[in-house]
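These notes are about the structure you will find just below.
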Amino acid sequence: MKNLELSRIFEQIARILKIKGENPFKIRAYEKITLVLENLPIDIETIYRQGGLSNIPGVGAGIAKKIEEFLTTGKLEYYEKLKETIPSGVIELLDISEVGPKTAKLLYEQLDIDNIEKLEKAVRQHQIKDLPGMGEKSETNILRGIELYKRRKERFLLGLALPLAEEIVENLSHLKETNKISFAGSLRRKKETIGDIDILVTSQRPETIMKTFTYLPQVKEILAEGPTKSSIIIKDDIHVDVRVVEPISFGAALQYFTGSKAHNIKLRELALKRNLKINEYGIFDVKTDRRIAGEREEEIYQILNLPFIPPELREDRGEIEAAQENKLPKLIEYSQIRGDLHLHTKWSDGAHTIRQMVEAAKKRGYKYIAITDHSQSLKFAGGLTEERLGEQIELIQKLNQELKDLTILTGIEVDIKSDGSLDFSDEILSKLDVVIAAIHSGFKQESKIITERIVKAMQNRFVNIIAHPTGRLIGYRESYQIDINKMMNMAEKTGTILEINAYPERLDLNDVYCRMAKDKGVQLAIETDAHSADGLATMDLGVAVARRGWLEEKDIINTLPLDKLLKRLKRK
DNA sequence: GCCGTTTTCGGCCCGACTGTTTTCAGTCG
């Protein structure tokens with residue numbers, strides 16, 4: 001799939017045009033197509049072959065031609081020429097906070113600075129403070145920007161940032177000056193990774209909130225402190241922004257700070273067509289400047305004649321258009337999950353016993369779980385031999401006799417070996433309720449081979465589910481070179497279920513692929529892959545991914561009651 | 001560069017904070 005590759009090229013074009021001081025709206029057009037391509041649940045080559053490029057929002061004649069050129073020749077002349085005009089190191093300067101396009105251009109033209117090392121040297125030698133618009137403060141700020149850049153890790157996992165945000169919200173919510181409080185931004189949209197934490201507070205006394213915030217024990221550094229908006233750095237170099245508005249503006253501010261930027265722009269354009277103006281304080285009549293609403297978030301959508309759009313959908317992936325036609329999906333709810341079908345225990349590499357996992361599942365109100373330890377060839381993970389698996393099945397049968405409200409299903413996470421064969425015979429697999437097949441080796445095989453492995457596994461009639469289908473680990477490992485289209489088509493054909501692995505580093509399938517699966521008529525299972533009792537709690541991250549992927553209750557098999565689930569699993 | 005039940009040309013989201021300014025540009029989200 002060339003979607004991401006093309007997206008990166010357009011992103012670079014936008015950055016170069018910014019430094020060159022091009023028409024900002026032209027730049028916006030390139031930034032828009034960058035996001036659109038990133039979020040497109042269909043292979044761009046497929047769309048091109050079907051002649052549908054012009055149906056993609058943000059693609060006009062100019063960009064369509066460029067996409068075509070890249071897909072047919074593998075190159076883009078416009079981009080190649082553009083790259084020659086600005087050294088790549090100058091573009092990288094934009095990654096330093098405090099340095100924007102104007103500053104980058106100034107530094108390059110006046111002092112011939114074309115990489116970050118040169119910038120640091122120039123600042124330390126006090127060369128930049130005499131440039132127009134620069135001063136002493138600019139020096140310290142740019143140095144801090146470089147420092148942060150060097151220390152910067154990738155974006156933060158949702159599973160890591162969420163508890164930190166909840167802690168700060170908890171701290172501030174105790175103040176008597178705090179009226180309402182919520183986190184917003186990508187965290188509220190439940191994006192898989194978070195750039196920073198945004199918190200919104202309503203209060204009649206913003207100055208008290210600001211003071212308390214900047215004095216929180218978590219604070220490592222204060223980046224900015226204004227009367228209604230402050231910014232700090234906490235551990236792991238995570239940025240936290242707090243914004244205070246009056247109670248009457250809470251809904252508008254929440255909507256505004258939740259974003260995404262692209263969603264908000266589209267919403268505001270929609271408002272302008274009706275002579276309405278939206279900002280973080282409310283929704284106003286353009287002519288009279290009269291305030292129409294803003295206390296509740298729902299009002300913003302209502303006034304535009306739209307149903308409420310859940311935060312997880314606000315990415316400008318067609319949700320506003322769907323809302324206009326009243327065709328928003330009825331998203332799966334966190335409470336609709338009835339069980340977890342991918343769990344490990346002490347029998348292989350898990351930390352807890354089957355009984356302990358049962359207790360954890362009961363606390364979550366589950367009706368069933370499947371025990372799916374590793375299979376024999378995964379020696380380092382204590383994979384079960386045929387004999388051990390037999391013993392486990394017996395134990396589970398015994399346990400089920402004493403259990404009342406919850407049923408344990410027998411299962412295995414069977415390894416798909418390098419040659420595409422499975423780690424157990426059909427005879428053994430046929431005895432189990434749930435067979436999950438997964439790849440744990442040969443990640444670097446070329447696309448054709450690794451795709452063939454998975455396709456072959458799906459054709460085995462005892463395999464119910466494919467675990468972590470793309471194999472990516474966020475921030476650590478790219479996905480395997482698997483042909484997603486082929487995999488999904490085969491899943492559809494064989495009725496194989498694809499997993500949404502809720503492990504914080506995995507979230508695999510991701511939101512975009514979830515939507516692709518739904519469009520192809522493939523069902524999914526949200527599973528934690530928990531290796532301990534605590535691990536069951538990550539289910540919520542998996543549900544968040546599903547919601548971001550527009551999935552509904554009917555798309556997810558572990559929303560089914562037990563009898564229907566067993567019927568669905570049976571393909572034997 | 002895109003886009004159109006006010007437009008095929010003339011628009012294109014909106015505001016806070018900072019620092020270097022004498023009223024505003026740059027950056028950020």
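Protein chains get the first letters and strands the later ones, always in sequence-line order, with residue 1 at the start of each. Excluded from the calculations below are hydrogen atoms, water molecules and symmetry mates; all remaining heavy atoms, backbone and side chain alike, are included.
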Inset, instruction - Strictly below 4.0 Å, heavy-atom distances to any atom of DNA chain B: list the hits from residues 312-324 of chain A, or just say none. - result: none

Inset, instruction - With a 4.0 Å heavy-atom cut-off, tell me which residues in residues 31-39 of chain A come close to DNA chain B, sorted by residue number. - result: none

Legend entry - Distance-only side-chain donor-acceptor flag, A:N179 / A:E246, under 3.5 Å: no

Return the polar atom pairs (N/O with N/O) between nucleotides 8-10 of chain B and the protein under 3.5 Å, or none.
none

Inset, instruction - Please work out if A:K65 contacts a base, only the sugar-phosphate, or nothing of the nucleic acid, heavy-atom cut-off 4.0 Å. - result: nothing

Inset, instruction - Determine the contact category for A:A61: base if any of its heavy atoms lies under 4.0 Å from a base atom, sugar-phosphate if only primed atoms, P, OP1 or OP2 are that close, otherwise nothing. - result: sugar-phosphate

Scan nucleotides 20-23 of chain B against the protein and return all N/O pairs shorter than 3.5 Å with their distances rounded to 0.1 Å.
unit_1 : atom_1 : unit_2 : atom_2 : d
B:dT20 : OP1    : A:G135 : N      : 3.0
B:dT20 : OP1    : A:G135 : O      : 3.4
B:dT20 : OP1    : A:E136 : N      : 3.2
B:dT20 : OP1    : A:K137 : N      : 3.2
B:dT20 : OP1    : A:S138 : N      : 3.4
B:dT20 : OP1    : A:S138 : OG     : 3.2

Inset, instruction - Output every pair passing side-chain hydrogen bond (donor to acceptor under 3.5 Å, both in side chains) with a member in residues 500-511 of chain A, not counting sequence neighbours, ordered by first then second residue. - result: A:R317-A:D511, A:T470-A:D508, A:E499-A:N501, A:N501-A:D529, A:D511-A:R548

Legend entry - Pair partner, B:dT8 [Watson-Crick or wobble, under 3.5 Å]: none

Inset, instruction - With A:R314 as the cation and A:F308 as the aromatic partner, state whether NZ or CZ is under 6.0 Å from the six-membered ring centre and within 45° of the axis. - result: yes

Pick out the pairs of N or O atoms, protein on one side and nucleotides 12-17 of chain B on the other, that lie under 3.5 Å.
unit_1 : atom_1 : unit_2 : atom_2 : d
B:dC12 : O3'    : A:R28  : NH1    : 3.4
B:dC13 : OP1    : A:R28  : NH1    : 2.3
B:dC13 : OP2    : A:R28  : NH1    : 2.4
B:dC13 : OP2    : A:R28  : NH2    : 2.6
B:dC13 : OP2    : A:E269 : OE2    : 2.8
B:dC13 : O2     : A:R268 : NH1    : 2.8
B:dC14 : O4'    : A:R268 : NH1    : 2.6
B:dG15 : OP1    : A:N279 : ND2    : 3.1
B:dA16 : OP1    : A:Y281 : OH     : 2.6
B:dC17 : OP1    : A:T228 : N      : 3.2
B:dC17 : OP1    : A:T228 : OG1    : 3.3
B:dC17 : OP1    : A:K229 : N      : 3.0

Inset, instruction - Would you mind calling B:dT7 syn or anti? Take O4'-C1'-N9-C4 for purines or O4'-C1'-N1-C2 for pyrimidines, and syn is within 90° of 0. - result: syn

Inset, instruction - Rounded to the nearest angstrom, tell me the gap between atom NZ in A:K191 and atom P in B:dG29. - result: 13 Å

